[in-house]
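What follows is a short report on a single structure.
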Amino acid sequence: QHSLMLSQQGGSTVDDQIALDVHAISDLQGRGGKPTDDSPKYKYPATVDGQYDFESCTSKVIALRYNKSFVDEVTSGQECGVLTEKTCFYAEQGGQIYDEGFLVKEGEEGVELKVKNVQTR
C-alpha cells in the first residue's frame, strides 16, 4: 500500500534519498574520498568450541547522506546514510544479504546508530 502510494505520488523511499548515485560518488571522489576498506569483515577466528568470534572495528565517519545531499549532521531518529573509512559489515551483493547491527560512538557508548541496511556502490 505504501509503495503504491509513493509510486502514484512520484515520491521516493528513504533508500532513494540516501543512495549514492553517480553524481554523489563523483562529489566524494572530488573531495578525496576513497572506497571503504571492508577487510575487517573477514576477521572472524573460530573459537575452540567451533563458534565464530566476530570482532568489531574502529573507523571514522567520512560522510553523512540525507535527502539526496551530503550533510554535516542529522537529528536523533532521522534515517540517513553513513559512509565510513572501514567496516566489518557485509554489504548486499551477489546473493549475500546485508548485515544489520549498530555503530557506537567511541568514548560515548550511549550514542549509537542502528544499521538497517548495508550497500556497496
Side-chain angles (χ1 to χ4, degrees):
Q1 180 76 4
H2 180 68
S3 295
L4 178 62
M5 286 176 45
L6 285 175
S7 68
Q8 290 174 344
Q9 296 173 355
S12 60
T13 66
V14 171
D15 290 342
D16 293 335
Q17 296 296 313
I18 62 177
L20 294 175
D21 59 19
V22 66
H23 304 292
I25 293 169
S26 178
D27 182 16
L28 280 173
Q29 290 171 336
R31 294 193 266 160
K34 297 180 180 163
T36 299
D37 171 12
D38 66 350
S39 63
K41 73 182 180 188
Y42 299 108
K43 295 179 183 172
Y44 54 95
T47 62
V48 292
D49 61 352
Q51 300 295 313
Y52 290 110
D53 183 18
F54 293 96
E55 299 176 10
S56 61
C57 72
T58 302
S59 184
K60 186 185 265 186
V61 172
I62 58 172
L64 297 173
R65 184 108 170 126
Y66 177 74
N67 198 22
K68 295 186 179 185
S69 298
F70 291 109
V71 296
D72 293 328
E73 63 183 26
V74 292
T75 59
S76 180
Q78 201 172 30
E79 289 194 30
C80 66
V82 179
L83 287 79
T84 57
E85 286 182 344
K86 63 182 174 177
T87 185
C88 57
F89 287 100
Y90 273 91
E92 179 179 41
Q93 61 184 15
Q96 170 75 38
I97 190 165
Y98 53 80
D99 282 341
E100 294 181 346
F102 291 90
L103 296 176
V104 179
K105 186 173 182 181
E106 191 173 41
E108 294 183 47
E109 284 69 28
V111 178
E112 65 181 21
L113 173 77
K114 183 175 182 180
V115 176
K116 297 173 23 175
N117 192 328
V118 181
Q119 298 292 315
T120 183
R121 299 282 186 258

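FYI, the numbering just counts along the sequence from 1. Quick caveat: nothing in here was measured; it's all calculated off a predicted structure.
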Euclidean distance, Arg65 CZ relative to Asp21 CG, rounded to 0.5 Å: 5.5 Å
Where Phe70 and Asp27 come nearest, the two heavy atoms and their spacing: CD1-OD2, 3.3 Å
Same apolar cluster (I L V M F W Y, side chains within < 4.5 Å links), Tyr52/Tyr42: yes
Pair Asp49-Thr47, side-chain hydrogen bond (donor to acceptor under 3.5 Å, both in side chains): steps then yes or no: CA-CA 5 Å; Asp49 61 352; Thr47 62; 2.3 Å; yes
Exceeds 12 heavy-atom contacts within 6.0 angstrom, atom CD of Gln96: yes
Any Lys41 side-chain heavy atom under 4.5 Å of Cys57 side chain: no
Leu20 side chain near Leu83 side chain, heavy-atom distance below 4.5 Å: yes
Residue pair Asn67 / Ser69, side-chain donor-acceptor N/O under 3.5 Å: no
Side-chain H-bond candidate by donor/acceptor type, Ser39 with Asp37, under 3.5 Å: yes
Parallel, tilted or perpendicular, as decided by the 30° and 60° cut-offs, for the rings of Phe54 and Tyr44: parallel
Co-membership, hydrophobic cluster, residues Val71 and Leu103, 4.5 Å side-chain: yes
Pairwise side-chain contact, Tyr66 with Thr75, heavy-atom cut-off 4.5 Å (strictly under): no
Transitive ILVMFWY side-chain link Leu64 to Leu28, under 4.5 Å: no
Common cluster, Val74/Val111, ILVMFWY with side-chain heavy-atom separation under 4.5 Å: no
Between CG on residue Leu113 and CD on residue Glu79, distance to nearest 0.5 Å: 9.5 Å
Ile62 vs Thr84 side-chain heavy atoms within contact, under 4.5 Å: no
same_hphob_cluster(Tyr90, Tyr98) at 4.5 Å side-chain heavy-atom cutoff: no
